[in-house]
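Note that the numbering runs from 1 along the sequence shown for the chain.
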Amino acid sequence: RPLSFDLLQLVDAAGRSIPSTTPAGGSFLAILLTAKAAFYRNGTPVRFALAGSVAPADHQTLVEAWSLPLSGSGEHTGFWATLLAYLYGRLVDRRQGLERMRELLPLQVERNKRWDIAFALGGLAQLLMMHAEKESDFKEASEYLTEALAIFEELGDVRESSYMLRTFGILRRLEHNLSEAIRYWQDAQTN
């Protein structure tokens, strides 16, 4: 297994020595568990892996992190709360993850950290695309991806811009628009 995954295991064990009953201890442990859950069991990052192609993340880790206080309003917890909501929505309960993401997005906008806003928009779009319940889910996801892509491009973040283009390709494939899907995937490769 990759060293980073083993390191997360060690940090997780150390983090459990801080009482999770205190707000700071609970948030710290929630952040550690979220970092641990952000990787599949083989160490591959969840958001870059194709669904079902690797061993799933530890379900219990996500459930435990979800149960801890991580408000998302603090300077350091905002990103982690967003990541936890995305992971929980993707791997445990889509509806609850979507609800939390919708609550967290205005907090990110209020903090005015452009990268965090774009990350939240991209995650929200992906959750909407998963098991979309109505056609408007695709339309809303497209709007979020457009905004996220614009922010990442404005910030000069090529990796995240490419990831948004890749996600746009997936969205277009789900909409049965293969020619546009291929165009987005090609743009992602050459970005």
Side-chain angles (χ1 to χ4, degrees), residues 1-108 111 113 115-134 137 140-141 144 148 160 163 167 170 174:
R1 292 196 313 202
L3 177 62
S4 60
F5 189 74
D6 291 335
L7 181 60
L8 286 171
Q9 298 283 63
L10 290 171
V11 172
D12 176 19
R16 291 181 185 282
S17 65
I18 299 171
S20 63
T21 53
T22 66
S27 288
F28 182 67
L29 184 55
I31 289 170
L32 291 176
L33 292 173
T34 300
K36 180 180 171 188
F39 296 88
Y40 282 107
R41 289 185 185 149
N42 70 352
T44 304
V46 170
R47 66 186 290 246
F48 293 111
L50 296 174
S53 64
V54 292
D58 185 353
H59 182 272
Q60 189 55 42
T61 298
L62 280 171
V63 171
E64 184 180 356
W66 191 257
S67 71
L68 294 168
L70 186 57
S71 68
S73 60
E75 179 68 23
H76 301 292
T77 59
F79 165 78
W80 293 104
T82 301
L83 181 59
L84 176 58
Y86 166 75
L87 293 170
Y88 194 84
R90 179 167 173 183
L91 301 170
V92 179
D93 185 320
R94 177 185 179 266
R95 183 191 55 76
Q96 287 185 336
L98 271 171
E99 284 177 16
R100 183 73 56 88
M101 290 290 284
R102 290 184 191 283
E103 293 168 5
L104 291 169
L105 185 56
L107 294 173
Q108 297 291 29
R111 290 175 56 229
K113 290 203 167 191
W115 193 95
D116 291 356
I117 293 167
F119 182 80
L121 289 165
L124 187 51
Q126 290 176 63
L127 290 182
L128 284 164
M129 291 163 49
M130 286 178 46
H131 313 292
E133 297 168 353
K134 50 194 179 298
D137 287 345
E140 188 178 358
Y144 290 140
E160 291 300 321
Y163 188 68
T167 306
I170 294 168
L174 291 171

Exercise. Nearest heavy-atom pair of Ala118 and Ala148: which atoms, and what distance?
Worked result: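 Of all heavy-atom pairs spanning Ala118 and Ala148, the closest is O-CB, 3.5 Å.
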For this session: Could you note down all residue pairs passing salt bridge (Lys or Arg N to Asp or Glu O under 4.0 Å) where residues 123-134 supplies at least one of them, sequence neighbours left out?
Result: Arg94-Glu133, Lys134-Asp137
Exercise. Step by step, would you call Thr82 with Asp116 a side chain to side chain contact (heavy atoms under 4.5 Å, CB included)?
Worked result: CA-CA 9 Å; Thr82 301; Asp116 291 356; over 6 Å; no
Spacing of [X] atom [atom1] and [Y] atom [atom2] [to the nearest 0.5 Å]:
{"X": "Leu84", "Y": "Leu68", "atom1": "CG", "atom2": "CG", "value": "9.0 Å"}
{"X": "Leu124", "Y": "Met101", "atom1": "CG", "atom2": "CE", "value": "5.0 Å"}
{"X": "Leu107", "Y": "Arg111", "atom1": "CG", "atom2": "CZ", "value": "8.5 Å"}
{"X": "Leu121", "Y": "Gln126", "atom1": "CG", "atom2": "CD", "value": "11.5 Å"}
{"X": "Phe79", "Y": "Ile31", "atom1": "CZ", "atom2": "CD1", "value": "10.0 Å"}
{"X": "Leu98", "Y": "Leu127", "atom1": "CG", "atom2": "CG", "value": "5.0 Å"}

Exercise. Would a 4.5 Å heavy-atom cut-off, applied to side chains only, mark Lys113 and Gln108 as touching?
Worked result: no
Exercise. With Glu140, which residues qualify under side-chain contact (heavy atoms from CB on, under 4.5 Å), at least two apart?
Worked result: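 Partners of Glu140 by the side-chain contact (heavy atoms from CB on, under 4.5 Å) criterion, ordered by chain and then number, come out as Arg102, Leu128, Tyr144.
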Problem set entry | Residues forming a side-chain contact (heavy atoms from CB on, under 4.5 Å) with Gln96, sequence neighbours excluded |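 So Gln96 forms a side-chain contact (heavy atoms from CB on, under 4.5 Å) with Trp66, Tyr88, Asp93.
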